[in-house]
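Per chain, numbering begins at 1; letters A, B, ... match sequence-line order. Please read these numbers as outputs of a predicted model, since none were measured by experiment.
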Protein chains: 2
Amino acid sequence: MAKRSADGGERAPGMADVARVAGVSAQTVSRVLSGHPNVQERTRAKVMAAVDQLGYRRNNAARVLSSGRSRAIGVVNLQTNFYSRAAVTSGIENAAQAAGYAVSMATTASLDSFAIDRALSRLADQGVDGVILAVPLIHSSERIEQFTRSTPTITIDGSRTESAEVVAIDQALAARLATEYLLDLGHETVWHVAGPQEWLDATSRREGWRATLEAAGRSVPPPLEGDWSPASGYRNGLILGRIPDVTAVFVASDEMAFGVIKALHELGRRVPDDISVVGVDNIELAEYCSPPLTTVAQPFAHMGALAVAHLLRHIADPDAAPRPTVVEPRLIARASTAPRAGTGPAPAPPTRRPDAMAAPSRE
Amino acid sequence: MAKRSADGGERAPGMADVARVAGVSAQTVSRVLSGHPNVQERTRAKVMAAVDQLGYRRNNAARVLSSGRSRAIGVVNLQTNFYSRAAVTSGIENAAQAAGYAVSMATTASLDSFAIDRALSRLADQGVDGVILAVPLIHSSERIEQFTRSTPTITIDGSRTESAEVVAIDQALAARLATEYLLDLGHETVWHVAGPQEWLDATSRREGWRATLEAAGRSVPPPLEGDWSPASGYRNGLILGRIPDVTAVFVASDEMAFGVIKALHELGRRVPDDISVVGVDNIELAEYCSPPLTTVAQPFAHMGALAVAHLLRHIADPDAAPRPTVVEPRLIARASTAPRAGTGPAPAPPTRRPDAMAAPSRE
DNA sequence: GCACACGTTGTTATCGATGCCAATACAACT
DNA sequence: AGTTGTATTGGCATCGATAACAACGTGTGC
């Protein structure tokens, strides 16, 4: 019944053992270890000495049971190797760790509400204090809504439920930055390879792209759609490359963008000479593949940290008003884009200075 | 003191509540929920009905405290976005989840024993049943050894401690596959951009490369060294590209390999026409960047799953004999490699039959 | 000089589920 | 019929820490 260390019949020391060695009560040991202010310095020292001597560690399960708080947060994530997911997760872990919170992961292979509900269930069973939902929530369900109502929840990337706070990157702005940059280079219009439309950020990018073109009075080509994978970019590239009009493409992710570029190359269209390509994400390889990819950098780690901050605030004060937060992406110009062939060496003055390269610091 | 649901004064239902509604004892509820065999079907149904009606969930903390097992495993990981780390982690999460175990993450920014010890501490505080150490352990420490002695631990990628089981990819074989492939293409010798030598898999690759060259009676060029980043590959590529002899390079990771290729391009050396490049990892973009990268694929997800399987076995039976396991990598030939320039369409007879892809034999 | 406040420490009840053991019921055997 | 066995169920102690409250000693103000 009791937990025993693996190497013998010895049981791990408990607070009572520490208390005995230090000559105080268990409660005092608890106070010392929790950093409670009202403890005499001498007592504190005695306790700490006993703790060191016994190699004592507090039993987390007992603390959770007793205090009702687990000091753990859960993250629901998609089971993929997308750069963006990993980057956000990493930001979350750092921030949580710094705040003294543990992170429990629950990945889901599918986006249907059933699968997501299962992931949330696992986290609830773990007794997490709060949850960061880092997957798009296409269809919410009654069970999910009930969960978000009873457990502090932050959603990332635009998953929307009634009772959760949202932290997101301004995807419409990302699309606008990319599209305007291409228009400023003299391209007549800009084609788009979108992400899967179940993803809210994919639809936001598509709408941002469309709105930008319309605002500039340009024709809006029919959007293509991929699934974020390089392979799907490649497939779409094989289509785009066969359309003579195409001189500029905004692709909804870097990984798809490289697939597009590969296909264009195979069809004999040069990038950027014949066709300019802009991606989104600024993955680490974006600068080192050929050609270096112009892209829109997203502050993933920052967003993860922000999500944690909001979540902890929400845990501390469940009644605080939700406060949606949007962080801004940034264009990074590289060599996959060029002035439209025929417009000459001096492109029309850009609406924004292309100075984004100045400090391309990754986070 | 008690945990209350966020939306009111109601406390979450406990086993006693379920028992009352079902008209049985709490103990019977526990048995039903644990899948204990000796429960009458009628009783089980009554209990399940009560559980549904109340929306009851077992309190994890109480279970852990009472049973002494947490059904959670910990993973120590490096705080980076390396593809390999993410891929292994994903394999671990799937396998753990399938086995009904939760996963707790602890990332470390540095590899020194102090930082790793802190990560292990956090996991120990969480009360995990076992740990997968997915970072290289350069210097073990007494505290780390003590931890691995008292907690089931599996190390991945060659971190070695006295008392932990090891699951690893055969890195020497990976190096041999790459090097032999290049020699078979007619290259006189093969240069090497190694990973940071604190990483055991980096040194294993370097030694495998060296041994293969020596076995073939070739000269062994001085190895270069990067830090896994594309940028470091680029820096090394700027050096390699200035050495006329170089016709073939084995780079210890795909991301560095693309950095190398970019530098070679900038120096006017064509890949693969002038210089062949082989990477390691088979990241998703390897096929879609230009040129498509010949690389050695590593079964990351499989390794993660294997690590979990071993760990759970070890948790179930702490006295079982450690059983180191090695899984085998696989060469994937793409377009970044070509027969040595000047050897004509028919390369010199290879030192080994170029069947490396078919059935990689162990050494 | 007395009452009161405050800082410090100890005592007790409690969190919620499980392990162990006992008790019951009912079937199967000698 | 008596006895043994087995399946099912309940009672109680327990896991290890914390919350709430009580108790103690000391200083302070009136």
Side-chain angles (χ1 to χ4, degrees), chain A residues 1-5 10-48 50-51 54-72 124-127 129, chain B residues 1-5 10-48 50-51 54-72 124-127 129:
Chain A
M1 184 175 183
K3 177 166 50 178
R4 292 165 189 290
S5 75
E10 284 303 301
R11 77 168 29 170
M15 225 171 221
D17 301 304
V18 177
R20 200 174 321 113
V21 170
V24 298
S25 78
Q27 182 60 66
T28 300
V29 176
S30 172
R31 274 190 278 255
V32 169
L33 266 45
S34 304
H36 193 93
N38 290 346
V39 180
Q40 249 187 2
E41 197 45 54
R42 270 196 57 229
T43 317
R44 183 186 308 276
K46 275 194 302 187
V47 169
M48 291 312 289
V51 166
L54 295 176
Y56 168 75
R57 357 188 43 127
R58 278 188 290 190
N59 181 313
N60 188 251
R63 302 186 67 196
V64 173
L65 179 58
S66 182
S67 71
R69 287 165 311 127
S70 65
R71 298 165 200 80
D125 286 341
Q126 284 296 306
D129 288 340
Chain B
M1 185 173 183
K3 177 166 51 181
R4 293 165 188 293
S5 76
E10 285 303 302
R11 79 165 29 169
M15 226 171 218
D17 301 303
V18 176
R20 199 174 321 111
V21 171
V24 298
S25 77
Q27 183 55 231
T28 299
V29 176
S30 172
R31 273 190 280 255
V32 169
L33 266 45
S34 305
H36 193 93
N38 290 346
V39 179
Q40 247 188 6
E41 197 44 55
R42 267 196 61 228
T43 316
R44 182 185 309 276
K46 274 195 302 187
V47 169
M48 291 312 289
V51 165
L54 296 176
Y56 168 74
R57 356 189 44 126
R58 278 188 291 190
N59 181 313
N60 187 253
R63 302 186 68 197
V64 173
L65 180 59
S66 182
S67 70
R69 287 165 314 126
S70 64
R71 297 167 200 80
D125 286 341
Q126 284 296 308
D129 288 341

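Atom CZ in Arg20(A) sits about 13 Å away from atom C1' in dG16(D), given to the nearest Å. Computed from coordinates, the Leu33(B) CG to dG16(C) C1' distance equals 13 Å when rounded to whole Å. One interatomic measurement links the two molecules: CE of Met15(B) to P of dT9(D), which rounds to 15 Å at whole-angstrom precision. One can place OH of Tyr56(A) at 7 Å from C1' of dG16(D), the figure rounded to the nearest angstrom. Per the geometry, CG belonging to Leu65(A) stands 17 Å off P belonging to dA13(C), to the nearest Å. In this entry the distance linking CG of Asn59(A) with P of dG16(C) reads 17 Å, nearest Å. The distance between atom CZ of Arg69(B) and atom P of dG16(C), rounded to the nearest whole Å, is 21 Å. Protein atom CZ of Arg63(B) is 14 Å distant from nucleotide atom C1' of dG19(C), rounded to whole Å.
The heavy-atom pair separating His36(B) from Val39(B) by the smallest distance is O-CG2, 3.8 Å. Pairing each heavy atom of Lys46(B) with each of Val24(B), the nearest pair is NZ-CG1, 4.4 Å. Nearest heavy-atom pair across Ala26(B) and Ala19(B) is N-CB, 3.5 Å. The two residues Ser70(B) and Val64(B) have their closest heavy-atom pair at CA-CG2, 3.6 Å.
Without hydrogens or angle criteria, Ser67(B) side chain to Arg69(B) main chain gives a donor-acceptor distance under 3.5 Å.
Between its two ends, the helix from dG1(C)-dC30(D) to dT30(C)-dA1(D) turns its axis by 40°, counting five pairs per end and rounding to 10 degrees.
Rounding to the nearest 0.5 Å gives a distance of 9.5 Å between OG of Ser66(B) and CG of Leu65(A).
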Base-contact (B) and sugar-phosphate-only (S) positions in nucleotides 23-29 of chain C, heavy-atom cut-off under 4.0 Å, - elsewhere: -------
Is there any protein nitrogen or oxygen under 3.5 Å from a nitrogen or oxygen in nucleotides 7-11 of chain C, and what are the pairs?
residue : atom : partner  : partner atom : Å
dT8(C)  : OP2  : Asn38(A) : OD1          : 3.4
dT9(C)  : OP1  : Thr43(A) : OG1          : 2.4
dT9(C)  : OP2  : Gln40(A) : N            : 3.0
dG10(C) : OP2  : Ser25(A) : N            : 2.8
dG10(C) : OP2  : Ser25(A) : OG           : 3.1
dG10(C) : OP2  : Thr28(A) : OG1          : 2.8
dG10(C) : N7   : Arg31(A) : NH2          : 3.0

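Within the structure, every pair that satisfies the side chain to side chain donor-acceptor pair (under 3.5 Å) test and touches residues 12-32 of chain B, not counting sequence neighbours, is listed here: Asp17(B)-Arg20(B), Ser25(B)-Thr28(B). Sorted by first and then second residue, the salt bridge (charged side-chain N to carboxylate O under 4.0 Å, His left out) pairs with a member in residues 55-65 of chain A read Arg57(A)-Asp125(B); sequence neighbours excluded.
Residue Arg58(B) places at least one side-chain N or O closer than 4.0 Å to OP1 or OP2 of dT18(C).
Shown here are the salt bridge (charged side-chain N to carboxylate O under 4.0 Å, His left out) partners of Arg44(B), two or more places apart in sequence or in another chain: Glu41(B).
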